[in-house]
Amino acid sequence: CIYYKTGSLQIKDMKQMFAKMPLTMLAFTLGALSMIGIPPTCGFFSKWYLVSGAMEAGQWGYVIALLFSSLINVILFFRIFEIAFLNTSDDDEHDEAGDHEHHHEEIKINEAPISMLIPTLIISFTLILIGLSNNFIIKIIIEPFVNSKL
């Protein structure tokens, strides 16, 4: 949705994106939090089970890799949040050093078409729904299958 509206995949071009595309950025934020592994998203529970299994198996390198990848995701996504919400980027620092006057222009909401926005929102809220129902998924769907193969 962001690329469709902006034509760019550059982080620096995401200035004021929370104001311009609030629903898209809500979906983006939920996806990012899931990738980082923040509860109650499904990303948290999948990482929880992976780290728990790796610890039980004594695979400490795998545990470190999972935790390191989460840390990298935190750094990258929070930089995007900073630019998209607080409107800061390296370019702003250069502008402030010059004699340019900054005018606050009115920001218009410019979301992606509804045909793109609705599936994006459904998917993002599904990340929370799956996270909240993870116990049900494990007990009813996964455990019976795993136990039947043993």
Side-chain angles (χ1 to χ4, degrees), residues 1-96 102 104-146:
C1 291
I2 294 169
Y3 179 75
Y4 179 83
K5 292 306 284 185
T6 66
S8 174
L9 295 176
Q10 300 293 316
I11 293 174
K12 66 180 181 159
D13 295 331
M14 293 187 71
K15 291 180 192 173
Q16 299 179 328
M17 199 58 63
F18 277 98
K20 295 175 186 174
M21 300 177 77
L23 295 175
T24 299
M25 290 308 292
L26 171 65
F28 179 88
T29 300
L30 292 174
L33 294 176
S34 186
M35 288 183 69
I36 292 168
I38 303 294
T41 64
C42 62
F44 168 77
F45 294 102
S46 65
K47 285 186 181 191
W48 177 267
Y49 292 124
L50 288 170
V51 168
S52 297
M55 288 171 48
E56 278 184 37
Q59 298 294 320
W60 298 105
Y62 190 70
V63 171
I64 291 168
L66 280 168
L67 296 176
F68 183 72
S69 72
S70 289
L71 178 62
I72 296 298
N73 280 327
V74 166
I75 293 167
L76 293 174
F77 283 120
F78 278 89
R79 180 65 178 144
I80 293 171
F81 295 158
E82 178 186 22
I83 291 169
F85 188 72
L86 300 175
N87 190 27
T88 62
S89 71
D90 294 336
D91 292 342
D92 289 341
E93 293 172 12
H94 299 298
D95 289 344
E96 290 173 8
H102 293 287
H104 293 287
E105 59 187 56
E106 185 177 324
I107 299 171
K108 295 180 182 173
I109 294 177
N110 192 13
E111 288 284 359
I114 198 81
S115 62
M116 294 175 76
L117 190 58
I118 288 177
T120 302
L121 288 169
I122 290 171
I123 290 169
S124 65
F125 282 102
T126 301
L127 296 172
I128 294 174
L129 181 65
I130 291 172
L132 292 173
S133 61
N134 80 82
N135 193 37
F136 170 80
I137 293 169
I138 295 294
K139 298 287 183 201
I140 303 301
I141 299 172
I142 296 175
E143 279 185 3
F145 179 75
V146 170

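Numbering starts at 1 and runs along the sequence shown.
P119 approaches I114 most closely through the heavy-atom pair CD-O, 4.1 Å. When all heavy atoms are compared, the tightest approach of F44 to G37 is CD1-O, 3.2 Å. The shortest non-hydrogen separation linking Y3 to S8 is CD1-N, 3.6 Å. Minimum heavy-atom separation, K15 to K12: CG-O, 3.6 Å. When every heavy atom of I2 is checked against every heavy atom of M17, the shortest pair comes out as CG2-CE, 4.4 Å. Between C1 and T120, the shortest heavy-atom distance links the atoms SG-OG1, 3.5 Å.
Judged purely by atom type and a 3.5 angstrom limit, S34 has no side-chain atom pairing as donor or acceptor with the backbone of G31. T41 contributes no side-chain N or O that, together with a main-chain N or O of G131, makes up a donor-acceptor pair within less than 3.5 Å. In this structure, the side chain of K20 does not engage the main chain of A84 through any donor-acceptor pair within 3.5 Å. A distance-only check finds a donor-acceptor pair linking the side chain of E111 to the backbone of L23 [under 3.5 Å]. Checked by atom type and distance alone, the side chain of T126 pairs as donor or acceptor with a backbone atom of I122 at under 3.5 Å.
Rounded to the nearest 0.5 angstrom, L127 CG and I38 CD1 are separated by 13.0 Å. Distance check, rounded to the nearest 0.5 Å: CG of D13 to OG1 of T6 gives 6.5 Å. Taken to the nearest 0.5 Å, the OG atom of S69 stands 8.5 Å off from the CD1 atom of I72. A distance of 10.0 Å separates CD1 of I123 from CD1 of I130, quoted to the nearest 0.5 Å. Between the OH atom in Y4 and the CG atom in L117 there is a gap of 12.0 Å [rounded to 0.5 Å]. For the atom pair CE (M14) and CD (E82), the distance works out to 12.5 Å, reported to the nearest 0.5 Å.
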- Query: Could you walk me through whether T29 and F18 pass the side chain to side chain contact (heavy atoms under 4.5 Å, CB included) check?
  - Reply: CA-CA 10 Å; T29 300; F18 277 98; 3.5 Å; yes

- Task: Apply the test side chain to side chain contact (heavy atoms under 4.5 Å, CB included) to residues R79 and I75: give CA-CA distance (whole Å), side-chain angles for both, the deciding distance (0.1 Å), then the verdict.
- Result: CA-CA 6 Å; R79 180 65 178 144; I75 293 167; 5.8 Å; no

- Step-by-step side chain to side chain contact (heavy atoms under 4.5 Å, CB included) determination, Y49 to N134: CA-CA 11 Å; Y49 292 124; N134 80 82; 2.9 Å; yes

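Note on ring orientation: taking the six-membered ring where Trp is involved, the planes of F81 and F78 are perpendicular (angle over 60°, cut-offs 30° and 60°).
Proximity of P22 to I109: side-chain heavy atoms (C-beta onward) are separated by under 4.5 Å at one or more points.
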